[in-house]
S.K.: 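Okay, handing you the structure first.
Proteins come first, then strands; the chains are lettered A, B, ... in the order of their sequence lines, and each starts at number 1. Source: prediction; values computed, not measured.
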Number of protein chains: 2
Amino acid sequence: MPQAAAAIAVDDTVTPRQGEVLDAVLALLLEGRDGLTMTAVARRASCSKETLYKWFGDRDGLLTATVRWQASKVRAGNWDRQHLDADALAESLEAFAANWLAVISSKTSVALNRVAVAHAASGRSDLGRIVLENGRFAIGERLKPLLEAAREAGLIAFDDTEAAFRTFFGLVGRDVQIRLLLGDSITLSKAEIAADAARATRQFLTLFGAGRPAPRNRSN
Amino acid sequence: MPQAAAAIAVDDTVTPRQGEVLDAVLALLLEGRDGLTMTAVARRASCSKETLYKWFGDRDGLLTATVRWQASKVRAGNWDRQHLDADALAESLEAFAANWLAVISSKTSVALNRVAVAHAASGRSDLGRIVLENGRFAIGERLKPLLEAAREAGLIAFDDTEAAFRTFFGLVGRDVQIRLLLGDSITLSKAEIAADAARATRQFLTLFGAGRPAPRNRSN
DNA sequence: GCCGAACCGTACCGTACGGTACACCCTTTC
DNA sequence: GAAAGGGTGTACCGTACGGTACGGTTCGGC
């Protein structure tokens with residue numbers, strides 16, 4: 001059976017040793033500077049190139065496995081379904097926003113998104129799709145139930161869940177991701193992330209809140 | 001004088017023939033598929049590689065000149081300073097939003113941003129900086145005077161102009177740019193762009209409007 | 001103790017591409 | 001009409017990198 005690579009492509013069963021290899025790819029990746037060659041990966045992971053090709057098929061397979069590997073690490077926590085009142089909603093939204101900001105501003109996310117963007121540019125857009133599904137769309141699917149539960153509880157009002165989510169997405173992310181991808185050296189401290197998450201949540205509730213809107217804030 | 005390239009790097013004086021070459025780069029670029037080699041550019045532009053190197057120094061110089069060339073083409077219109085009332089403000093904001101959406105969703109912008117992102121990944125981040133300056137920051141500097149004039153006219157209220165702009169940016173762009181960069185095949189028709197621009201403007205005025213807020217809209 | 005499988009390290013191959021050199025051509029100038 | 005300068009087309013070089021082959025080593029099973 002020559003295609004051990006297929007096993008990795010189909011399910012996410014990764015042996016510990018393979019995990020080490022993928023961690024080496026990640027390490028190399030966020031070292032940046034174009035260092036991501038197959039030879040470099042093999043050296044870093046102390047394995048042979050032949051093993052890399054046996055396990056992952058080719059360079060794209062290795063990158064794909066790495067993206068999946070990283071995605072499998074960051075399955076973030078969910079929200080608390082019962083007793084959803086205004087405070088709990090705001091808290092959950094803030095948590096989502098803060099988590100999302102922390103993810104997109106991490107070096108790992110930036111590096112992986114850059115690779116995926118470059119990959120998408122060259123036609124075969126597998127990586128782009130995978131990153132999108134595990135990032136933008138995954139958080140959408142996780143957040144939408146909260147939004148709809150909050151709507152049913154009469155806390156917020158909207159017609160189109162997708163549109164509401166996209167607005168939230170925009171309020172949270174703003175220009176952060178594109179700036180980071182393009183190499184702008186902004187750094188988000190934990191405090192800034194918390195403040196941004198709170199601001200975005202306030203703004204979102206002002207736009208979509210059903211009862212009396214959240215207090216207007218003019219700064220930030 | 002061996003460095004004709006320096007002349008292009010410093011000012012934007014581009015001869016018609018050089019413009020043709022840069023247009024060839026753009027054409028090749030949005031054909032995608034990794035076709036952007038120096039040989040391909042030379043063939044497409046019917047010039048010799050030697051000329052390319054003489055004019056632009058090296059591959060990076062050619063890309064940099066291309067980005068500047070494209071940026072010099074899209075200097076968009078400004079707004080009308082006198083008689084700034086609520087309607088004029090909304091109209092100007094919508095025009096900004098629509099223009100910005102049209103730009104970022106164009107094939108050219110996507111292709112150039114992808115190149116710049118890949119470039120930023122490899123350390124030397126010249127292209128990323130240039131794209132950022134001509135995109136994200138340029139529109140910021142053009143929009144901020146409008147926001148501040150509107151504030152002085154008592155139409156909107158905010159403390160931090162930059163923060164207000166970033167919120168507008170987020171409301172307009174949402175997830176469009178990252179999805180396009182990652183290869184998601186969303187297309188924005190003129191009607192959708194207009195609708196999005198109107199929605200973003202309504203939402204922005206709801207958040208920052210000083211008088212009675214713009215009418216809440218629950219759909220879209 | 002022997003076998004085979006898995007794997008490491010490394011040498012090697014082919015190719016693509018950035019960059020250079022050169023022969024030829026066309027136009028302008030004196 | 002000869003010389004000079006700028007440009008085209010092409011052949012060429014060096015290298016980096018994806019991918020393969022192979023000898024050597026470790027280790028589990030019998």
S.K.: Taking the nucleotide of DNA chain C with the nearest heavy atom to each, does T39(B) or T51(A) sit closer to the 5' end?
M.R.: T51(A)
S.K.: Using OP1 and OP2 only, check whether a side-chain N or O of W55(A) sits under 4.0 Å from dC7(C).
M.R.: yes
S.K.: For R59(B) and dA16(C), what is the distance between atoms CZ and P respectively, to the nearest whole Å?
M.R.: 16 Å
S.K.: Any idea which of dG18(D), dG19(C), dA6(C) is nearest the M38(A) side chain?
M.R.: dG18(D)
S.K.: Rounded off to whole Å, could you give me the CG-to-P distance for the D34(B) and dC17(D) pair?
M.R.: 15 Å
S.K.: Tell me the interatomic distance from L36(B), atom CG, to dG18(C), atom P, rounded to whole angstroms.
M.R.: 8 Å
S.K.: F165(B) and G140(B): which non-hydrogen atoms are nearest, and at how many Å?
M.R.: CZ-CA, 3.4 Å
S.K.: Counting heavy atoms from C-beta on, name the nucleotide in dG9(D), dG7(D), dG19(D) closest to the side chain of Y53(A).
M.R.: dG19(D)
S.K.: Would you indicate which nucleotide in dG19(C), dC7(C), dC8(C) comes nearest to any side-chain atom of C47(A)?
M.R.: dC8(C)
S.K.: Calculate the interatomic distance between K54(B) atom NZ and dG7(D) atom C1'; express it in whole Å.
M.R.: 7 Å
S.K.: If the threshold is 4.0 Å, N to carboxylate O, is there a salt bridge linking R174(A) and D196(A)?
M.R.: yes
S.K.: Atom CZ of F56(A) and atom C1' of dG18(D): how far apart are they, to the nearest Å?
M.R.: 16 Å
S.K.: Of all the choices, dA11(C), dG18(C), dG9(C), which nucleotide is nearest to the side chain of K49(B) once you look at every atom?
M.R.: dG18(C)
S.K.: Rounded to whole angstrom units, what separation is found between the CD atom of Q18(B) and the P atom of dT8(D)?
M.R.: 11 Å
S.K.: Using whole Å, what does the distance between atom C1' of nucleotide dG18(C) and atom NE2 of H119(B) come to?
M.R.: 14 Å
S.K.: Closest to the E50(B) side chain: dA21(D), dG19(D), dG9(D)?
M.R.: dG9(D)
S.K.: For a salt bridge (charged side-chain N to carboxylate O under 4.0 Å, His left out) with D23(A), tell me which candidate from K73(A), R44(A), R17(A) qualifies.
M.R.: K73(A)
S.K.: F168(B) vs F204(B) aromatic rings, parallel, tilted or perpendicular, using cut-offs 30° and 60°?
M.R.: perpendicular
S.K.: Nearest to the S48(B) side chain among dG9(D), dG6(D), dC17(C), which nucleotide is it?
M.R.: dG9(D)
S.K.: Given atom CG of L52(B) and atom P of dG7(D), what is their separation to the nearest angstrom?
M.R.: 11 Å
S.K.: Please determine whether a side-chain nitrogen of the Lys or Arg among R136(A) and E162(A) lies less than 4.0 Å from a carboxylate oxygen of the Asp or Glu.
M.R.: yes
S.K.: Just checking R17(B): base, sugar-phosphate only, or nothing, at a heavy-atom cut-off of under 4.0 Å?
M.R.: sugar-phosphate
